[in-house]
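In what follows, a structure is listed as structure tokens, so that the remarks can point back to it.
Computed from a predicted structure; not experimentally measured. Both ligands and their constituent atoms are indexed starting at 1 by order of listing. All values below were derived from every heavy atom in this structure, side-chain atoms included, with hydrogens, water molecules and symmetry-related copies excluded.
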Amino acid sequence: MKALIRKLTESYGPSGREAELRQIVRAEIKGQCDYITEDALGNLIGVVKAKAKTGRRIMLAAHMDEIGLIISHIDERGFARVAPVGGIFPMNCVGSRVRFASGRPGVIGLEEREDKKRAPALSDLYVDVGAADRESCPVRVGDMAVFDRPYAEAGSRLIAKAMDDRIGVAILIETMRRLKRTPHEVQFTFTVQEEVGVRGARTAAFHLEPEVAVAVDITTTGDTPRCPPMAVSLGKGPAVKVRDRGMIADPRVVEWMTSAAAAQHIPHQLEVLEFGSTDASIIQVSRAGVPAGCLSVPCRYAHSPSEMVDMSDVDQSVKLLLAMLQGPVSF
Ligand code: CO
Ligand code: ZN
């Protein structure tokens, strides 16, 4: 599974440019489900058909896209100015290396500022792709870049860019592979454009009409020096979302998740997140409403070039999903 996580995190896929991911995921799930479909926005869906009349239609969602930068202007000396694709923190950008779809690398530079105490804004930054001037610049307005960092392991911790949410994508793929028996129809949905406003999940949920939905995504932690207090730590098991900025998880889904975890002795945590949301927020309000929840993988340094998760949380997340899918859904 680590090889898969490496492949997924090192791939290029900012919001709206998920083709490379779609190709990788499609190859990974081929033969592991009953059929694969794709919609107009680019969501990729692998469906395991229901094996029993008592089965429900369960949508699982993980987003393929990652945060990035989009070129808005190139000056006469060939330096590119950028706008954010998703939640970019300028602090995390300075000195970073980025990569465009063509493979062209770039360095993010910081302009001289009068007030050096002020945190840098995105407008203080530029991308240097090694061009001499605007005419010979190998990138153009509208091109998107992602952070360029290799995957690395530090003991049980895995570090990579785009762990948000390629770790969720990896968990869904692994769950599909190991799902031997389920009474349910399971709609493994690899969504697009989550980071720019949960857009892919919106059309996917409309199309799939799930009866229950669970997103698999990352959440931040409260276990690093002087961070805002939060009852989630790395290595203590998957977090069952209770609430975030975009949704209040359906208590029946929370109960389904926590009781499946308890029955299988899977360590888990409860999550209340102050900022951010997931695909589950939009699936929940799709059509006439869908009971929805979220399984969150604890992740430090979210939306930075070096997002960190713990392998045991990843393993336990797969186990929890399998436990949930193998039993009946009682609501
Ligand atoms: Co994110
Ligand atoms: Zn995410």
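Within Glu195, the N/O/S atom positioned nearest the Co ion (ligand 1) carries the name OE2. Taking the Co ion (ligand 1) as reference, the nearest N/O/S atom within His303 carries the name NE2. For Asp217, the N, O or S atom with the smallest separation from the Zn ion (ligand 2) is OD1.
With salt bridges taken as basic N to acidic carboxylate O contacts below 4.0 Å, none links Arg252 and Glu255. By the 4.0 Å N-to-carboxylate-O rule, Glu271 lies close enough to Lys241 to be salt-bridged with it.
Among the atoms of Asp164, an N, O or S atom falls under 2.8 Å of the Co ion (ligand 1).
For the 3.5 Å distance criterion, the side chains of Ser136 and Asp133 qualify, holding a donor opposite an acceptor.
In this pair, His303 and Phe89 present their aromatic rings tilted. The plane angle is within the 30 to 60° band.
Within the 4.5 Å cutoff, the side chain of Tyr151 has heavy atoms near those of the Leu158 side chain.
Considering the Zn ion (ligand 2) as centre, the angle to OD1 of Asp164 and to NE2 of His63 is 90° (10° rounding).
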